[in-house]
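Worksheet for the structure shown next.
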Amino acid sequence: MKRLEKQFYELPTLELAEKLLGKIFVRMLPGNIRLKARIVETEAYMGEHDEACHAYRGRTARNSSMFRAPGTIYVYFTYGCHYMLNIVSEPENIAGAVLIRSMEPVDGIRVMQELRGTAVVKSLMSGPGKLARALSIDSRCNGKDLYGEEFFLENALPLPEFMIGTSTRVGISKSRELPWRKYIINNPHVSKVRHS
DNA sequence: AGCGTGATCTTT
DNA sequence: AAGATCACGCTG
């Protein structure tokens, strides 16, 4: 496995949303427990020009991680019970991030099942709230980065072949028409699209 | 299809 | 100070 360097994240948001697909997210927990999962669904949130983005009206206490260096982790809490994991894109001081919407469990599945309170592997990480829970990610992770020992990405080897699908983003009320969701076609762990 | 849950942001 | 919203998940 080849670890991705800091430079990997220095990309425009939509491009990073595509490049993250298929990558292995590694999360180290106390006790040398290692969790690994493949990213299979993402969404781009394009900073101050995107009405659906938290940074649309500029920097606030909550969204300040989105203005930090690419490869920073932006975690926020919503709906009273869910944490959302995002990976920051764009140069420092320019807002942008990619929401990780679903993952395929790869390693440490028993620990993930424990954290999620369910044994059903297919639904362990098939949604942004679920995967954060399965990886024990909460607001303490906000502002950390992906080039240390606690969180990092790896290239999956051998490199998997897959086709990338594009659609509108899920669960937002503004700018719903923009095709900024990316996912691996036919991967069973991609979240079900919520319709309203 | 409905609703819990609480932080954050906007409006008064 | 009050009200609205929310990048969701679970039951039914």
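Atom set for the values below is all heavy atoms of this structure, side chains included, hydrogens, waters and symmetry mates excluded. Within every chain, numbering begins at 1; the chains are lettered A, B, ... in the order of the sequence lines, protein sequences first and strands thereafter.
Counting only distance, with no hydrogens or angles, the side chain of A:R27 and the backbone of A:S136 share a donor-acceptor pair below 3.5 Å. A donor-acceptor pair under 3.5 Å is absent between the side-chain atoms of A:E104 and the main chain of A:N187, judged by distance alone. A donor-acceptor pair under 3.5 Å links the side-chain atoms of A:T42 to the main chain of A:A17, judged by distance alone.
The pair A:E149-A:R3 meets the salt-bridge criterion, with a side-chain N (NZ, NE, NH1 or NH2) lying under 4.0 Å from an Asp/Glu carboxylate O.
OP1 or OP2 of C:dC8 sits under 4.0 Å from a side-chain N or O of A:R101. For B:dC9, one of the phosphate oxygens OP1 or OP2 lies less than 4.0 angstrom from a side-chain nitrogen or oxygen of A:T60. Between A:T78 and B:dG6 there is no side-chain N or O to OP1 or OP2 distance below 4.0 Å. Between A:H82 and B:dT5 there is no side-chain N or O to OP1 or OP2 distance below 4.0 Å.
The separation between A:M84 atom CE and C:dC6 atom P is 14 Å, rounded to whole Å. Atom-to-atom, CG of A:D138 to P of B:dG6 comes out at 16 Å; the value is rounded to the nearest Å. In this structure, CE of A:M46 is placed 17 Å from P of C:dA7, rounded to the nearest angstrom. A straight line from CZ of A:R59 to C1' of B:dC9 spans 18 Å, rounded to a whole angstrom. Rounded to an integer number of Å, the gap from CZ of A:R62 to C1' of B:dT10 is 12 Å. Residue A:Y83 contributes atom OH, which lies 11 Å from atom P of B:dG6 at whole-angstrom precision. For the pair A:R169 CZ and C:dC6 C1', the computed distance is 14 Å after rounding to whole Å. When rounded to the nearest whole Å, the span between CZ of A:F77 and C1' of C:dG9 equals 13 Å.
Looking only at side-chain heavy atoms (C-beta outward), A:M28 and A:R34 come within less than 4.5 Å of each other.
Nearest nucleotide to the A:R57 side chain, out of C:dA7, B:dT10, B:dA7: B:dT10.
Judged by distance alone with a 3.5 Å cut-off, no donor-acceptor contact links the side chain of A:Y79 to the base of B:dA7.
Pair assignment for B:dT5 gives none, since no Watson-Crick or G-U wobble pairing has each distance under 3.5 Å.
Nucleic acid contact class of A:R133 (heavy atoms, under 4.0 Å, all strands): none.
For A:S123 and A:N86, each mapped to the nucleotide of DNA chain C holding its nearest heavy atom, the one lying further toward the 5' end belongs to A:N86.
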